[in-house]
Amino acid sequence: MSADPLAALAALLGPRGLITEAADIVPYAEDWRHLYRGAPPAVLRPADTAELAAAVKLCAKAGLGIVPQGGNTSMVGGATPSENGREVVLSLARLNRVRALDPVDLSLTIEAGATLKAAQDAAAEAGCRLPLSIASEGSATIGGVLSTNAGGNMTLRYGNARDLVLGLEVVLADGRVWEGLRRLRKDNTGYCLRQIFLGAEGTLGVITAAVLKLVPAPQARVVAFVAQPNPEAALAFLNRCQRHDPAALTAFEYMGEHGMSLVLRHIPDTALPLAHPAAHYALVEFSSPRAEPGFAETVEEVIAAAMTAGEVLDATLAASEGQARAMWRLREEHAEAQKRAGASIKNDVSVPVSLVPEFLRAAPAACAALMPGIRVVAFGHLGDGNIHFNLRPPEGMAEADFLARDHQVMDAVNGVVRLLGGSFSAEHGVGRLKTYMMPEWRGGVELDLMRALKAAFDPEGVMNPGKVLP
Ligand code: MLT
Ligand code: ZN
């Protein structure tokens, strides 16, 4: 890169807005899973949308690729620049203001660099809830969760991130700004542009702010942790909970025994809240916007009926906020526990909800046939048919040898997913890791249309190059 664009960026962004020291760039250059390490010549940290737009214009003119980055928590290398030295990281960290909150509209207007946790807290302070929750919410930012259309723990009740967005502000690849921050519940005026940017992983433009839907804060909440004999029982119990009260069922998370044992081993201050370990567990949350007397008792009745039917072997209800948090930690620390345990190959797949048990039987068999002794960590959002089906090497296999076979392992899992009519990426996106799967899974008309969109929104290919599209 010639000195000129960097000098121009320095003049535009000032000393707080540009990082060029190699040592300071390192944390932005690598993804948290250490799958990729890029070589960006600079990290841009604009102070506001206008500065960001001007910086994008400069980069586009200089032919520099732009890699938007929020909390850098991508599971698929979606926010990591390439090794070619021609892509800068665009950090949204300084765009982190709450612009407006309206508890009557039930809407929150917030900038993209705010963490999801900060957005949740802002909503809570106003007696509302932002009904989006993921394990990495303390670091993940609004721009990131919207650009990846994050799912998470409440999708079965409130939908994915894209279902919670009323309006967007976006900086386009040529530096123009689309002011789409409308907070309308109804607006049928042509193509729904916001949905095109949501889930586009920063390849079509940079989301700089959003209007998000809120719901009233829950006044009653019950969190239960149950042991189950098999995946079929887990599905039957999910169905029972939905029939009991679909409006109150807020989360239904599945955990297999191996993942749970990793959490108990590697995460401090964790303990199984049941007397005996089991092969399968579920964490279930019910909530209500009313302080309903007897709310917990009705959940107890549902669980008692599930026990009678053999769907649940043992169960416990959180008796305090602290206990509820401890139960959620067992689920949310799965990714971290796996990381501490060593190498893993991740699959974030979905199948129709009714076929999850079939998947949970067929996928381990397919992996074992490929690599005897391979260890399965299966957990996730059973309520959405979204299982994180992660694999660890057989005892004694070198991690590098295991990781070298990642495509084979992913392909074995995806073979089962395909037979069941599922998707190879339910919520983590495509990023850099899974672009190679796109032609096989989304080829033909679908990929043609995606390429046409890319050409229309980013004809020079400056926005997050090498992601999503092969
Ligand atoms: C989760 O739900 O905890 C994640 O999406 C994690 C993962 O796949 O490891
Ligand atoms: Zn997940």
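Numbering of residues begins at 1 and proceeds along the displayed sequence. Counting convention: from 1, in listed order, for ligands and their atoms alike.
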Requested in this report: If the plane angle is over 60° it's perpendicular, under 30° parallel, otherwise tilted; pick one for H407 and Y436.
Outcome: parallel
Query - Nearest-neighbour protein heavy atom for atom 5 (O) of ligand 1, which is reported as residue plus atom name and distance - result: H428 NE2, 2.7 Å
Report task. Classify the angle between the aromatic ring planes of F389 and F359 as parallel (below 30°), tilted (30 to 60°) or perpendicular (above 60°). Result -> perpendicular
Query raised in the report: Just going by heavy-atom distances, which of M75, R331, E332 is nearest to atom 3 (O) of ligand 1?
Result: R331
Requested in this report: Just need the protein heavy atom nearest to atom 9 (O) of ligand 1, so name the residue and atom and give the distance.
Outcome: K346 NZ, 2.8 Å
**Report entry** Heteroatom of H381 nearest to the Zn ion (ligand 2) (N, O or S, atom name)
**Finding:** NE2
Requested in this report: Return the name of the atom in E427, of element N, O or S, nearest to the Zn ion (ligand 2).
Outcome: OE2
Query raised in the report: Does ligand 1 have any atom that is closer than 4.0 Å to a heavy atom of D348?
Result: no
Query raised in the report: E427 to ligand 1: N or O pair under 3.5 Å?
Result: yes
**Report entry** R361 with E232: basic N within carboxylate O range, under 4.0 Å
**Finding:** yes
Query raised in the report: Which residue supplies the protein heavy atom nearest to atom 4 (C) of ligand 1, what is that atom called, and how far is it?
Result: H388 NE2, 3.5 Å
Query raised in the report: Any N/O/S of D348 under 2.8 Å from the Zn ion (ligand 2)?
Result: no
Query raised in the report: Quick one: do R37 and E30 make a salt bridge, cutoff under 4.0 Å?
Result: yes
Report summary line: The answer for which part of N153 has a heavy atom under 4.0 Å from ligand 1 is neither
Query - Residue pair T250 / S287, side-chain donor-acceptor N/O under 3.5 Å - result: yes
Query - Sidechain N-carboxylate O distance under 4.0 Å for R221, E321 - result: yes
Query raised in the report: Under the criterion side-chain contact (heavy atoms from CB on, under 4.5 Å), which of L116, L164, L212 is the partner of L146?
Result: L212
Query raised in the report: Under 2.8 Å from the Zn ion (ligand 2), is there an N/O/S atom belonging to H388?
Result: yes
Query raised in the report: What atoms of ligand 1 come closer than 4.0 angstrom to any heavy atom of H381?
Result: 2 (O)
Query raised in the report: Quick one: do E285 and R331 make a salt bridge, cutoff under 4.0 Å?
Result: no
